[in-house]
Amino acid sequence: MMKGMESELKDLNSKAAKSNAIKTVRDDRPLLKSDSVSSTTTATTAAELEELEKKFAAYVRRDVYGTLGRGELAAKEKLLLGFALVTLLPIRVILAAIVLVVYYVICRVCTLFLSPNREDEQEDYAHMGGWRRIVIVRCGKALSRVMLFVFGFYWISESTTSINQEVKPQPEKTKRPGVIISNHVSYLDILYHMSSSFPSFVAKRSVAKLPLVGLISKCLGCIYVQRESKSSDFKGVSAVVTERIREAHQNESAPLMMLFPEGTTTNGDFLLPFKTGGFLAKAPILPVILKYHYQRFSPAWDSISGVRHVIFLLCQFVNNMEAIQLPIYYPSQQEMDNPKLYADNVRRLMATEGNLTLSDIGLAEKRIYHAALNGLFSQG
């Protein structure tokens, strides 16, 4: 659905001992060359897969379905999958469709006779007030949780942590963060954050035109971006995001922003470099860490096709999610002057508190990894 944007954060002197324990994945070897990806003469081997998994560890699937979700299943797994395909899958698809349509109707009723807010080539209903906004937010939170329940997330473990940060007195009016920063593991992250705080996201411009989902995204107050466009459009979107974060920080009635600063999903064990877009506003942020625990199928959307992932997810009887909310992070003056430092420090804090491994690869390497896997499997 909606893709996240990006950010980074602060120096943790009080956490020096702990942050030293963070595992960092660094690999100075050159990335896979395109000719090796497209080669049709080399057979698929365990050695080749092992080499790829070392280089692109943040995107490697380690569940029973194997690489790309195409692994050989044991007889028991085949039996469970077959049973779920003819029973659980159709029931969940129908229920999910009902929830989606119900919320669409609610959004349609609440936006009747209203014109969307149009600024900076954006369009949203998130700035409406009164009963309409209350109904949209409360129903959105409730139905997002219902949708997660339909997907098998019957219980979600939520916890908060306390961190010994430097004491930095803050005026009462600045207690509210301007943006929620989260690691990105799956499209399910969006449903969780909708059920928790109902924030605005950054999404592809095409999302606004999708049936049902388009209106819902406008009620969320999504900021739309054309992913393939050049720097001029990106700079414009960055300015809109920065303004929206400042507005959320200063105005209690404004919708919070929600950003995924890694820019893509991982397998949930790693934390990629943060982009600085969410840190340019110099506003406090709320870090949230999402973790998915599994025995059979991993809900992480890393190196598996979307359709295959949805089918396997809906065929899994029980799914588990854990959400860890860290304290609001207030930037120092040094961090406000240096967004990259701000982003890096928050990233290290989240890695420490979430027991995540820092990785230095990103979306470009993910695409190379996917191309390499597809090349290897097409040879087999």
Side-chain angles (χ1 to χ4, degrees), residues 1-9 58-59 144 148 177-207 213 217 220-227 234 237-238 240-242 244-245 248 255-281 283 285-292 298-303 306 309 321-326 329 339-340 342-351 353-354 356-367:
M1 277 182 34
M2 311 167 195
K3 301 261 178 169
M5 192 132 145
E6 350 219 39
S7 353
E8 325 192 42
L9 287 78
Y59 309 122
S144 295
L148 286 170
V179 60
I180 300 170
I181 295 295
S182 176
N183 62 319
H184 203 9
V185 184
S186 174
Y187 50 82
L188 298 163
D189 304 348
I190 295 171
L191 280 176
Y192 171 76
H193 288 294
M194 285 179 64
S195 71
S196 176
S197 53
F198 204 77
S200 300
F201 299 85
V202 174
K204 291 191 296 185
R205 195 173 295 278
S206 58
V207 169
V213 175
S217 71
L220 274 164
C222 287
I223 295 175
Y224 302 110
V225 58
Q226 191 67 39
R227 286 179 63 91
F234 175 78
V237 171
S238 179
V240 173
V241 170
T242 299
R244 286 282 295 274
I245 292 174
L256 276 173
M257 279 300 302
M258 163 75 236
L259 296 175
F260 300 109
E262 295 170 283
T264 189
T265 53
T266 68
N267 59 16
D269 296 326
F270 293 79
L271 203 59
L272 307 181
F274 281 5
K275 311 299 184 185
T276 58
F279 303 89
L280 298 174
I285 65 101
L286 178 65
V288 176
I289 302 165
L290 298 182
K291 301 173 79 71
Y292 296 85
S298 169
W301 192 23
D302 37 36
S303 54
H309 188 279
M321 180 192 298
E322 178 185 6
I324 305 170
Q325 181 178 304
L326 305 186
Y329 189 103
K340 188 174 189 316
Y342 190 4
D344 287 341
N345 288 340
V346 171
R347 177 177 177 243
R348 293 186 65 81
L349 172 64
M350 292 175 65
E353 298 300 321
L356 302 174
T357 301
L358 295 177
S359 173
D360 60 354
I361 61 178
L363 179 58
E365 288 82 359
K366 185 178 188 178
R367 288 171 173 163

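In this structure, OG1 in T242 is found 9.5 Å from CE in M257, a value given to the nearest 0.5 Å. To the nearest 0.5 Å, atom CG of residue N183 and atom CZ of residue R347 are 12.0 Å apart.
D302 is linked by a salt bridge (Lys or Arg N to Asp or Glu O under 4.0 Å) to R61, counting only residues two or more places apart in sequence or in another chain. Under the side chain to side chain contact (heavy atoms under 4.5 Å, CB included) criterion, S197 pairs with I180, P199, not counting sequence neighbours. Here T266 pairs with Y59, E262, L272 under the side chain to side chain contact (heavy atoms under 4.5 Å, CB included) rule; sequence neighbours left out. Residues satisfying the side chain to side chain donor-acceptor pair (under 3.5 Å) test with K291, not counting sequence neighbours, are none. Every residue two or more places apart in sequence or in another chain that forms a side chain to side chain contact (heavy atoms under 4.5 Å, CB included) with S144 is listed here: L191, M194, S195. Qualifying side chain to side chain donor-acceptor pair (under 3.5 Å) partners for S182, counting only residues two or more places apart in sequence or in other chains: H193.
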Quiz item: M350 and L356: side chain to side chain contact (heavy atoms under 4.5 Å, CB included), yes or no, with the steps?
Solution: CA-CA 8 Å; M350 292 175 65; L356 302 174; 5.6 Å; no
Exercise. Give the intermediate values and the outcome of side chain to side chain contact (heavy atoms under 4.5 Å, CB included) for residues T357 and D269.
Key: CA-CA 6 Å; T357 301; D269 296 326; 5.8 Å; no
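Here the closest heavy-atom approach between residue R244 and residue S200 is recorded as NH2-OG, 2.9 Å.
Using modelled atom types, no side-chain atom of T264 and backbone atom of L363 make a donor-acceptor pair closer than 3.5 Å.
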